[in-house]
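Right, one structure below, let's go through it.
These numbers come from a predicted model, not from an experiment. Along the sequence shown, residues carry numbers from 1.
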Amino acid sequence: MTIRVVLADDHVLMRQGVSQMLNADPHITVVGECDDGVELINAVLKQSPDVILMDISMPKMSGLVAIDKILAQRNEAKILVLSMHNEVEYIEAMRDAGAKGYILKESSGDSLVEAIKKVAAGKTCFPDEITQPGKSTTQKHLSPVSVLTRREREVFFLVAAGNTSRKIAELLDMSLKTAENHRSNIYKKLNLSSSAELIRMAGKAGLLE
């Protein structure tokens, strides 16, 4: 069986290098390359890959919002995050959003191939920091977005990125009133009163890119 992978990273040399390395494995084929979140969603819908290998920081749409939108349309999608961020908060935020794995860009090629095969097989693959018994219970960090619905998380990250309600409505294809209602619900759930407070919270939680 060949594992079909869609790869998203806005750094061209990085993406091309990873793609070349993966295509050298006889069991993996990269069927799509994307350099932003919007392209990624379109590629996933068109290619229906076995594994989605994606960065967190991408133009047009952040990785977190892209994960939410992909899972809203393909809830069986297997997403492996490839990131330079090694903070537990990032890893847990991706796991809570629905990613099946998280691997650092500093990892070896063999580790990346192994992670892709594990995720393709229906397993999860996260760093030891959040999977080792003891660490996960004594150092558990609850992401603030864990209390939000999927749609509210999309709005949360767009507000954190500095978007107005009108721009959020445009990006998420919803009415202005709906966008404002989501923003209001987020403020109530997180006990916030402004976008400035939301951005500060996101920064403290390590959720700003």
Side-chain angles (χ1 to χ4, degrees), residues 1-9 14-15 18-34 37 39-58 61-137 139-143 145-146 148-151 153-154 157:
M1 169 189 170
T2 299
I3 301 170
R4 301 171 68 256
V5 174
V6 162
L7 169 62
D9 193 309
M14 174 75 186
R15 189 177 69 241
V18 170
S19 178
Q20 186 175 13
M21 185 270 294
L22 294 179
N23 281 323
D25 188 291
H27 303 292
I28 298 175
T29 298
V30 177
V31 296
E33 295 185 30
C34 318
E39 279 189 15
L40 171 61
I41 292 171
N42 291 334
V44 169
L45 295 178
K46 180 179 179 181
Q47 299 288 350
S48 296
D50 300 305
V51 175
I52 300 159
L53 180 62
M54 58 178 286
D55 193 7
I56 296 175
S57 304
M58 294 185 290
M61 183 180 295
S62 76
L64 280 161
V65 175
I67 289 175
D68 272 349
K69 294 187 77 68
I70 289 170
L71 293 177
Q73 299 185 69
R74 294 279 195 277
N75 61 9
E76 77 286 358
K78 297 171 181 173
I79 299 171
L80 175 62
V81 175
L82 178 64
S83 174
M84 62 178 287
H85 298 290
N86 62 2
E87 295 88 350
V88 172
E89 291 82 358
Y90 271 96
I91 301 169
E92 291 189 336
M94 294 298 146
R95 182 192 61 185
D96 293 346
K100 300 300 184 186
Y102 192 107
I103 187 166
L104 296 173
K105 288 185 175 179
E106 63 191 43
S107 301
S108 67
D110 288 344
S111 296
L112 176 58
V113 168
E114 181 182 357
I116 288 173
K117 291 179 179 178
K118 286 180 69 174
V119 170
K123 302 176 182 177
T124 58
C125 183
F126 290 96
D128 292 342
E129 283 80 356
I130 63 169
T131 58
Q132 287 184 354
K135 287 189 175 182
S136 61
T137 55
Q139 299 178 7
K140 174 65 177 175
H141 172 84
L142 186 61
S143 170
V145 299
S146 62
L148 305 179
T149 66
R150 182 177 302 281
R151 199 57 155 168
R153 285 201 300 271
E154 293 179 4
F157 288 111

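Among residue pairs with one or both ends in residues 62-84, those qualifying as salt bridge (charged side-chain N to carboxylate O under 4.0 Å, His left out) are Asp68-Arg150, Asp68-Arg153; sequence neighbours excluded. Residue pairs meeting the side chain to side chain donor-acceptor pair (under 3.5 Å) criterion with at least one partner in residues 106-122, sequence neighbours excluded, are Asp25-Lys117, Ser108-Ser111.
Between Gly109 and Met21, the closest heavy-atom pair is CA-CE, 3.9 Å. Heavy atoms only, all atoms of each residue included: Leu71 and Ala77 are closest at CD2-O, 3.9 Å. Minimum heavy-atom separation, Ile67 to Ala97: CG2-O, 3.6 Å. A pairwise comparison of heavy atoms in His85 and Tyr102 identifies O-OH, 2.7 Å as the closest pair.
In terms of modelled atom types and a separation under 3.5 Å, the side chain of Thr29 and the main chain of Val31 share no donor-acceptor contact. Between the Asn23 side chain and the Val30 main chain, a donor and an acceptor come within less than 3.5 Å of each other.
Residues satisfying the side-chain contact (heavy atoms from CB on, under 4.5 Å) criterion with Asn42, sequence neighbours excluded, are Val38. For Gln20, there are no side-chain contact (heavy atoms from CB on, under 4.5 Å) partners at least two apart in sequence or on another chain. Applying the salt bridge (charged side-chain N to carboxylate O under 4.0 Å, His left out) test to Glu39 and every residue at least two apart in sequence or in another chain returns nothing.
For the atom pair OG1 of Thr124 and CG of Leu80, the computed distance is 11.0 Å after rounding to the nearest 0.5 Å. Summarising the geometry, atom CD1 belonging to Ile52 is positioned 8.0 Å from atom CE belonging to Met54; distances are rounded to the nearest 0.5 Å. One finds the CE atom of Met58 at 8.5 Å from the SG atom of Cys34 (value rounded to the nearest 0.5 Å).
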Checklist entry - Where do Ile70 and Leu40 land on the side-chain contact (heavy atoms from CB on, under 4.5 Å) test, with the steps shown first? => result CA-CA 9 Å; Ile70 289 170; Leu40 171 61; 3.9 Å; yes
Validation: residues 1-9 side-chain donor-acceptor distances under 3.5 Å, sequence neighbours left out:
unit_1: Arg4; atom_1: NH1; unit_2: Gln47; atom_2: O; d: 2.9
unit_1: Arg4; atom_1: NH1; unit_2: Ser48; atom_2: O; d: 3.3
unit_1: Arg4; atom_1: NH2; unit_2: Gln47; atom_2: O; d: 3.2
unit_1: Arg4; atom_1: NH2; unit_2: Gln47; atom_2: OE1; d: 3.2
unit_1: Asp9; atom_1: OD1; unit_2: His11; atom_2: N; d: 2.9
unit_1: Asp9; atom_1: OD1; unit_2: His11; atom_2: ND1; d: 3.3
unit_1: Asp9; atom_1: OD2; unit_2: Lys105; atom_2: NZ; d: 2.9

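Using a 4.5 Å cut-off on side-chain heavy atoms (C-beta onward), Val51 and Ile28 make no contact. Taking 4.5 Å as the limit, some side-chain heavy atom of Met14 sits within range of a side-chain heavy atom of Leu82.
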